[in-house]
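We name chains A, B, ... by the order of the sequence lines, and we start the count at 1 in each one.
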Protein chains: 2
Amino acid sequence: MFEVFEKYLRQWVEISDEEMKLIRAASFERKIRKWQSILHEGEVWKIACFITTGCFRLYRFSADGTDHTLRFGVENWWISDQESYNLEKPSEYNIEALAASTIIVWTKEKWEELRETIPALKLFNERLLARGYETSQQRIYSLISNSAEEKYLEFQKTYPKVFNSVPLHMVASYLGISRETLSRIRKDFTRRD
Amino acid sequence: MFEVFEKYLRQWVEISDEEMKLIRAASFERKIRKWQSILHEGEVWKIACFITTGCFRLYRFSADGTDHTLRFGVENWWISDQESYNLEKPSEYNIEALAASTIIVWTKEKWEELRETIPALKLFNERLLARGYETSQQRIYSLISNSAEEKYLEFQKTYPKVFNSVPLHMVASYLGISRETLSRIRKDFTRRD
DNA sequence: AAATGACGTTGACATTTGTCACGCTTTTTG
DNA sequence: CAAAAAGCGTGACAAATGTCAACGTCATTT
């Protein structure tokens with residue numbers, strides 16, 4: 001599965017074969033079964049985690065016990081709790097597999113070491129973070145400016161792959177609307193077609 | 001006014017006096033009058049901009065002509081359009097001063113040069129971006145999980161300084177609710193006290 | 001193969017939030 | 001200082017969205 005990651009990484013930055021060997025040597029693969037959690041609230045996130053197959057979500061419980069999906073992750077995405085990783089503080093989130101999945105993992109120690117050693121990897125990480133920030137901005141804009149229907153359509157259009165991989169009630173929780181509302185929006189659309 | 005910035009920066013990273021001199025030499029100050037825009041939709045954001053006094057907001061118009069506030073900036077904050085800056089593409093946003101303000105400015109060229117030259121400054125920039133990302137996550141969580149009232153209370157509590165510097169209808173647009181709803185929430189609270 | 005639980009849908013109704021219209025006060029501007 | 005605009009609040013009503021309860025289907029597990 002490492003070949004998938006190799007191809008992915010080389011789309012972002014130039015990496016020599018030597019460097020790639022180092023990155024590979026520091027990594028290991030893991031299989032995750034459906035519904036398995038790889039981060040529980042209260043734990044500290046101490047790895048870098050690249051998804052080669054399958055699907056995950058990052059979510060959080062609010063005071064009333066309902067859960068809210070902060071982010072999804074599918075093939076060729078990273079999944080993490082940046083805040084817990086950076087500040088080494090207990091996470092307020094959970095990460096669970098929505099399907100049987102395989103991931104490539106680096107311990108924080110090794111990943112940080114690689115970042116120091118390989119400038120291109122550091123550059124990659126900066127670009128990834130910058131893109132993540134931009135994406136967050138766009139999501140915020142969508143959340144404050146769009147109706148439920150508009151949010152739904154935009155999500156479907158922007159992340160079709162994700163949309164087709166995850167249960168609808170989690171899409172609803174990601175968009176900040178109830179699953180019933182989402183269901184009715186969908187009904188309206190099937191009528192119009 | 002540069003002393004303000006100096007103090008700010010040294011809270012984040014260690015900077016020698018030599019380095020600080022370089023940073024200062026590359027900067028210049030500007031006074032901005034109330035309602036003046038320092039970024040118009042369609043322009044490319046090509047500076048680094050630190051607010052020493054006053055107040056700004058980053059906002060965007062949606063198709064129906066209403067405007068939506070993505071972010072505020074007050075004393076000791078940065079204000080920018082990261083996406084336009086990084087990708088050098090025309091901005092979809094506007095930045096305007098909500099009060100007479102003073103800012104410290106570096107051109108993109110000089111700022112990037114300083115980042116290359118001064119490792120601590122690069123480190124600072126990375127930390128700032130990381131924190132910005134974490135903050136975005138928290139805002140997204142608030143937007144998808146909280147009621148209008150909860151969003152209002154959280155904003156007031158988390159950013160009291162900002163809250164007390166900006167018009168209420170912009171707070172409403174920042175929270176993604178109408179100004180009338182915000183007004184009514186406030187009324188409920190004055191009654192309870 | 002049966003049992004279980006996840007998933008999606010729907011109706012009825014409650015609640016929240018938005019929209020429009022208006023007026024008053026404060027701030028800004030010429 | 002006077003005029004104009006911004007800012008804030010509020011009533012009446014409309015629209016959007018949430019809640020609760022129930023049902024059928026499908027997938028997973030045992």
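- Between L9(A) and L121(A), some side-chain heavy-atom pair lies under the 4.5 Å cut-off.
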Given the rule in the side-chain contact (heavy atoms from CB on, under 4.5 Å) test, do I140(A) and S136(B) qualify, once you have shown the distances and angles that lead to the verdict?
CA-CA 8 Å; I140(A) 288 170; S136(B) 297; 4.2 Å; yes
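- Separating the OH atom of Y152(A) from the C1' atom of dG8(C) is a distance of 12 Å, rounded to the nearest angstrom.
- Placement of V74(A) and L70(A) in two distinct hydrophobic clusters is found when ILVMFWY residues are connected by side-chain heavy-atom separations under 4.5 Å, directly or transitively.
- One can place CD of E150(B) at 17 Å from P of dT15(C), the figure rounded to the nearest angstrom.
- Among residues two or more places apart in sequence or in another chain, the side-chain contact (heavy atoms from CB on, under 4.5 Å) test is passed with N94(B) by H40(B), E41(B), Y59(B), F61(B).
- Q138(A) pairs by the side-chain contact (heavy atoms from CB on, under 4.5 Å) definition with E83(B), not counting sequence neighbours.
- Residues from residues 154-162 of chain A that place a heavy atom under 4.0 Å from any atom of DNA chain D: there are none.
- Formation of a donor-acceptor pair under 3.5 Å by the S142(A) side chain with backbone atoms of K151(A) is not found in this model.
- For the OP1/OP2 pair of dG11(C) and a distance below 4.0 Å, the side-chain nitrogens and oxygens of K187(A) include at least one atom meeting the criterion.
- A donor-acceptor pair under 3.5 Å is formed between the side chain of S101(A) and the backbone N or O of C55(A).
- For N125(A), the side-chain contact (heavy atoms from CB on, under 4.5 Å) partners are W111(A), R115(A), L128(A), not counting sequence neighbours.
- Clustering ILVMFWY residues whenever any of their side-chain heavy atoms sit less than 4.5 angstrom apart, transitively, puts V166(A) in a cluster other than the one holding L58(A).
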Nucleotide-resolved protein contact map, nucleotides 17-22 of chain D, B/S/- at heavy-atom distance under 4.0 Å:
SSBBB-
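- Both the sub-6.0 Å distance and the 45° axial angle are satisfied by R60(A) relative to the ring of Y141(B).
- With rounding to whole Å, L98(A) atom CG is found 13 Å from dA6(C) atom P.
- Sorted by first and then second residue, the salt bridge (Lys or Arg N to Asp or Glu O under 4.0 Å) pairs involving residues 93-108 of chain B (not counting sequence neighbours) are R57(B)-E96(B), E88(B)-K108(B).
- R71(A) meets the salt bridge (Lys or Arg N to Asp or Glu O under 4.0 Å) test with no other residue; sequence neighbours excluded.
- Taking the ring centre of F155(B) as origin, the terminal cationic atom of R139(B) falls outside the region bounded by 6.0 Å and 45° from the ring axis.
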Dump the pairs, protein N or O against N or O of nucleotides 27-30 of chain C, anything under 3.5 Å, distances to one decimal.
residue: dT28(C); atom: OP1; partner: K34(B); partner atom: NZ; Å: 2.9

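- A side chain to side chain donor-acceptor pair (under 3.5 Å) check over residues 126-135 of chain A, counting only residues at least two apart or in different chains, returns the pairs E134(A)-N86(B).
- Going from atom CG of D188(A) over to atom C1' of dT9(C) covers 13 Å, rounded to whole Å.
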Can you check nucleotides 2-5 of chain C for protein contacts, nitrogen or oxygen pairs under 3.5 Å, and list what you find?
none

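- Judged as a salt bridge (Lys or Arg N to Asp or Glu O under 4.0 Å), the pairs with a partner in residues 2-12 of chain B (not counting sequence neighbours) are, in order, E3(B)-R24(B), E6(B)-R10(B), R10(B)-D17(B).
- If you check residues 163-174 of chain B against DNA chain D, the residues with a heavy atom closer than 4.0 Å are P167(B), L168(B), H169(B), listed by number.
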